[in-house]
K.L.:
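This is the structure I want to talk about, given as structure tokens.
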Amino acid sequence: MPELPEVESIKLQLEKKLIGKRIEKVWLNPGSLVFRDCPERNNFSKKLKGRKIDRILRRGKYLLLKLNNKMLVIHLGMSGNILFKEPAFKRDKHTHLELYFKNFKLIFRDPRRFGRVGLVKSDDFSALCGLAQLGVEPLTKKFNGAWLGGKLALRKAPIKSLLLDQKIACGIGNIYSDEACYLARICPLRPGGKISAEEIKALVKAIKKVLREAIKKVGCTIQDYKTSEGLAGDYKPRVYGRADERCYRCGGKIKRAKLGNRSSFYCPNCQT
DNA sequence: CGAATCCCCTGACAGC
DNA sequence: TGCTGTCAGGGGATTC
Ligand SMILES: [Zn+2]
């Protein structure tokens, strides 16, 4: 499932391929995955056609394609992916958007349909509620121990749930929240407000470390993400998905806990 | 406001 | 073989 490192890897790939190119034709699936609150949902395709790709940005797990005067917003959900194919390539039923360029086309595919696309005015980060509410980027200086401490204070929810809350810090998903808690030796189920300043500092460090490491390795290739073409992530999880296996650090048995609808993996022996 | 719960959607996989 | 049930999960909605 694409989290910050996977989306960042895709962003870098898109930059190489798309900057300066003009959209010649657009195909949008009629049962499309356009954001419900997309202000430009009418004539979506027409408004995209003819525009040039100026810049590509990432905010949290959102991909932002800056066009002259507009911005195309893509969220990959959990099974979404971007592919490049020759223009004549036959689309399948999971394709939701195609942007045709001179010698190729960009395909947005998402079998599980949790992804979304949207169009807003250029630099309008407030039109889409999900994008507008995003918190701090975890790889910036603003994301530090003191700042996170302020956000976690008095909170009773498990730290893992708070790390997944995109309104606090954005881009952290199920895999990297577990990975970061593991590195920081913090049990993901612990209430956020009960974590000491020192531990929070370690957690911030761990989050930055796993995200940077994963970006360097082009993300993590598991489950739905593995079918992506052109991107084979090489990040190997330390705990995520390793239920009942042995902890690399202490040899303990890794546990899988349910946290709302999510599963969380941790070592009860060395994460407290 | 915060916390917990449910739901969307469909491929993969287990069990019969 | 082929059917059925279960699971995964980002994020929004709902409820208390
Ligand atoms: Zn351990």
Side-chain angles (χ1 to χ4, degrees), chain A residues 1-8 10 29-38 41 58-64 73-83 91-97 108-118 125-135 138 148 150-181 188-195 211 214 219-229 233 237 239-244 256-265:
Chain A
M1 46 243 64
E3 302 181 25
L4 189 154
E6 290 76 22
V7 179
E8 180 68 17
I10 293 169
N29 190 324
S32 77
L33 304 177
V34 178
F35 286 103
R36 279 174 51 159
D37 54 351
C38 177
R41 55 182 307 135
R58 178 195 57 74
R59 260 299 266 146
K61 301 172 193 169
Y62 287 77
L63 271 174
L64 308 170
V73 181
I74 302 177
H75 193 293
L76 298 171
M78 73 171 278
S79 60
N81 199 9
I82 304 273
L83 312 171
R91 72 180 73 100
D92 71 358
K93 62 173 177 171
H94 300 304
T95 300
H96 299 103
L97 177 68
F108 169 50
R109 247 188 116 242
D110 182 14
R112 293 196 186 169
R113 305 172 58 89
F114 281 6
R116 289 289 180 270
V117 295
F125 291 81
S126 64
L128 296 169
C129 133
L131 180 60
Q133 294 188 324
L134 288 182
L148 186 60
K151 291 289 175 187
L152 300 184
L154 305 176
R155 298 291 301 259
K156 290 173 181 156
I159 179 63
K160 161 138 175 156
S161 302
L162 299 172
L163 292 181
L164 291 176
D165 184 346
Q166 305 296 300
K167 297 194 277 300
I168 300 177
C170 58
I172 303 169
N174 212 29
I175 297 176
Y176 298 108
S177 54
D178 276 359
E179 295 291 283
C181 287
L189 308 177
R190 254 174 75 195
K194 294 256 165 93
I195 298 176
L211 294 178
C220 176
T221 305
I222 56 161
Q223 296 177 18
D224 297 282
Y225 188 65
K226 75 180 167 217
T227 51
S228 92
E229 298 164 48
V239 270
Y240 183 83
R242 300 190 60 241
D244 299 328
R256 170 193 206 136
K258 275 280 174 194
L259 226 164
N261 292 343
R262 311 278 180 271
S263 46
S264 182
F265 301 87

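Heavy atoms only: backbone and side chains are in, while hydrogens, waters and symmetry mates are out. Computed from a prediction, not measured in an experiment: that's the story for all the values here.
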K.L.:
Less than 4.0 angstrom between a side-chain N/O of A/His94 and OP1 or OP2 of B/dC9, yes or no?
P.N.:
no

K.L.:
Round to the nearest Å and state the distance from A/Asp110 atom CG to B/dC8 atom C1'.
P.N.:
12 Å

K.L.:
Who passes side chain to side chain contact (heavy atoms under 4.5 Å, CB included) against A/Asp92, sequence neighbours left out?
P.N.:
A/His94, A/Thr95, A/Arg109

K.L.:
Does any N or O in the side chain of A/Arg58 come within less than 3.5 Å of the main-chain N or O of A/Gly60, such that one atom is a donor and the other an acceptor?
P.N.:
yes

K.L.:
By salt bridge (Lys or Arg N to Asp or Glu O under 4.0 Å), which residues pair with A/Lys61, not counting sequence neighbours?
P.N.:
none

K.L.:
Which residues pass the salt bridge (Lys or Arg N to Asp or Glu O under 4.0 Å) test with A/Arg155, sequence neighbours left out?
P.N.:
none

K.L.:
Among B/dC8, B/dA4, B/dA3, which is the nearest nucleotide to the side chain of A/Pro158?
P.N.:
B/dA4

K.L.:
Mind calculating the distance between CZ (A/Arg113) and C1' (B/dC9) to the nearest angstrom?
P.N.:
8 Å

K.L.:
Send over the distance from A/Leu128 CG to C/dG10 C1', rounded to a whole Å.
P.N.:
16 Å

K.L.:
Starting at atom CZ of A/Arg256, determine the distance to atom C1' of C/dA8, rounded to an integer number of angstrom.
P.N.:
9 Å

K.L.:
Side chain of A/Met1: nearest nucleotide among B/dA3, C/dG10, C/dA8?
P.N.:
C/dG10

K.L.:
Look at A/Arg155 and B/dA3 and indicate whether a side-chain polar atom (N or O) is within less than 4.0 Å of OP1 or OP2.
P.N.:
yes

K.L.:
In whole angstroms, how far is the P atom of B/dA12 from the CZ atom of A/Arg112?
P.N.:
8 Å

K.L.:
Return the value, rounded to whole Å, for the distance between atom CG of A/Leu76 and atom C1' of B/dC9.
P.N.:
16 Å

K.L.:
Hey, does A/Ser263 reach any base, or is it just sugar-phosphate, or nothing, if we go heavy atoms under 4.0 Å?
P.N.:
sugar-phosphate

K.L.:
Who pairs with A/Arg41 by side chain to side chain donor-acceptor pair (under 3.5 Å), at least two apart in sequence or on another chain?
P.N.:
none

K.L.:
Do A/Leu33 and A/Leu97 come within less than 4.5 Å of each other through their side chains, counting heavy atoms only?
P.N.:
no

K.L.:
Atom CG of A/Asp165 to atom P of C/dG10: distance rounded to whole Å?
P.N.:
13 Å

K.L.:
Please name all residues satisfying salt bridge (Lys or Arg N to Asp or Glu O under 4.0 Å) with A/Arg91, sequence neighbours left out, ordered by chain then number.
P.N.:
A/Glu98

K.L.:
Between N or O atoms, less than 3.5 Å apart, protein on one side and nucleotides 11-15 of chain C on the other: list the pairs.
P.N.:
from   : atom 1 : to       : atom 2 : distance (Å)
C/dG11 : OP1    : A/His75  : NE2    : 2.3
C/dG11 : OP2    : A/Lys61  : NZ     : 3.3
C/dG11 : N7     : A/Arg262 : NH2    : 2.8
C/dG11 : O6     : A/Arg262 : NH2    : 3.4

